[in-house]
Amino acid sequence: METSTRDKIIIAAKELFTERGYNATKSRDIANLAGINLALLNYHFKSKENLYKIIVYDSFVQILGNLEPILSDEKISLIEKIEILAKQYTALLIENENLPFFVLRELQKNADIFKDIMQSMRLKTENVFTKQLLELGSEQTAIDIIFNTISLVIMPFITKQLFISSGLISEDEFVPYMKQRQEKIPYWIMQMVAND
């Protein structure tokens, strides 16, 4: 199936915005990477700013959108939820290492963009997640578990260069290590739940 012009622009823009940021990315660079002329980019999105807003929103949904269906499903146990989240986010970040930096930058500048997504997710997931924690006799909150799980997955990607430059891990060792580490995260989280 052939990629549409609009999709080509979005793919190119996402790559450049996440790598360079908004100010360092020129509309002409996006058009060149997408293999189109600048007039087509302007026809589809009117401005670089409009395109950027779409990329920011889509990136945030990509990072947090996976949470809602998993956390709100009563049939998925707590440990299974954590296993799924750890695997999905590790895979996502291995493919898009710049994504956490991009989303964090935008959260600092434009938190209102994400407000609706976050409120919707909280309303749909909090009760189910809290119920499962109470059934385990845990005093942890849903937010404790979500924060800790996401932090355990995302922080190594954010600090990757620090650990590589210190010699603690090499570039070649990083991805296999992250895949191995994702298997341990559910155990660490469940230890916290059991020992509160």
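Fair warning: this is a prediction, and the values are worked out from it, not measured in the lab.
- Both Y187 and M192 are part of a single hydrophobic cluster, where members link through side-chain heavy atoms under 4.5 Å apart.
- Of the possible polar contacts, none joining the Q140 side chain to the T130 backbone as a donor-acceptor pair under 3.5 Å is found.
- Under the 4.5 Å side-chain criterion, counting only non-hydrogen atoms from C-beta, L93 is in contact with P100.
- Stacking of K81 on the aromatic ring of F129 is not recorded, the 6.0 Å distance cut-off and the 45° axial limit not both being met.
- The backbone N or O of F45 lies less than 3.5 Å from no partner atom in the side chain of K48, so there is not a single donor-acceptor pair.
- Atom CG in L40 sits 5.5 Å away from atom NE2 in H44 (nearest 0.5 Å).
- Side chain of T159 to main chain of M155: a donor-acceptor pair is present (N/O by atom type, distance under 3.5 Å, no hydrogens or angles).
- For R20, the CZ atom is densely surrounded, since the number of other residues' heavy atoms within 6.0 Å is greater than 12.
- Considering all non-hydrogen atoms of both residues, Q161 and E171 come closest at NE2-OE1, 4.2 Å.
- Remark: side-chain polar atoms of S166 are paired, donor with acceptor, to backbone N or O of F163 under 3.5 angstrom.
- Between the side chain of R181 and the backbone N or O of P176 there is no donor-acceptor pair closer than 3.5 Å.
- Taking both residues in full, the closest heavy atoms of S27 and L41 are given as O-CD1, 3.8 Å, listed atom of the first, atom of the second, then distance.
- Among all heavy-atom pairs drawn from I30 and A12, the shortest one is O-CB, 3.7 Å.
- Atom CD1 of I9 sits about 8.0 Å away from atom OG of S4, to the nearest 0.5 Å.
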Working note: Q182 + V153, criterion side chain to side chain contact (heavy atoms under 4.5 Å, CB included); need CA distance, chi angles, decisive distance, verdict.
CA-CA 7 Å; Q182 80 184 5; V153 174; over 6 Å; no

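- The two atoms that bring N98 and T18 nearest to each other are CB-O, 3.5 Å, heavy atoms only.
- Note that the CZ atom of F17 and the OG1 atom of T25 stand 5.5 Å from one another [nearest 0.5 Å].
- The shortest side-chain heavy-atom distance between Q88 and I70 falls under the 4.5 Å cut-off.
- I143 and M190 sit in two unconnected hydrophobic clusters of ILVMFWY residues. Membership requires side-chain heavy atoms under 4.5 Å apart, directly or through other members.
- Listed for the D73 side chain is no donor-acceptor partner under 3.5 Å among the backbone atoms of P69.
- One hydrophobic cluster, built from ILVMFWY side chains closer than 4.5 Å, cannot hold both V128 and I84; they sit in different ones.
- Each of L136 and L134 belongs to its own hydrophobic cluster when Ile, Leu, Val, Met, Phe, Trp and Tyr are linked at side-chain heavy-atom distances under 4.5 angstrom.
- Looking at I54 and R6, their side chains come closer than 4.5 Å, going by heavy atoms from C-beta outward.
- Once rounded to the nearest 0.5 Å, the distance linking CD1 of I82 with OG1 of T149 reads 4.5 Å.
- At distances below 3.5 Å, not a single donor-acceptor pair connects side-chain atoms of K179 with backbone N or O atoms of T90.
- Contact annotation: the side chain of V193 approaches that of L133 to within less than 4.5 Å [non-hydrogen atoms, C-beta and beyond].
- Closest heavy-atom contact between S170 and I164: C-CG1, 4.2 Å.
- Rounding to the nearest 0.5 angstrom, the gap separating the OG1 atom in T141 from the CZ atom in F147 is 9.0 Å.
- In this structure a side-chain-to-backbone donor-acceptor pair under 3.5 Å is missing from E19 to L16.
- Taken to the nearest 0.5 Å, the CZ atom of F157 stands 4.5 Å off from the CZ atom of F174.
- A single hydrophobic cluster is not seen to contain both I11 and I55; linkage of ILVMFWY side chains at heavy-atom distances under 4.5 Å, directly or through other members, places them apart.
- Nearest heavy-atom pair across P156 and S151 is CD-O, 4.1 Å.
- For K87 and E83, the salt-bridge test fails: no basic side-chain N is under 4.0 Å from an acidic carboxylate O.
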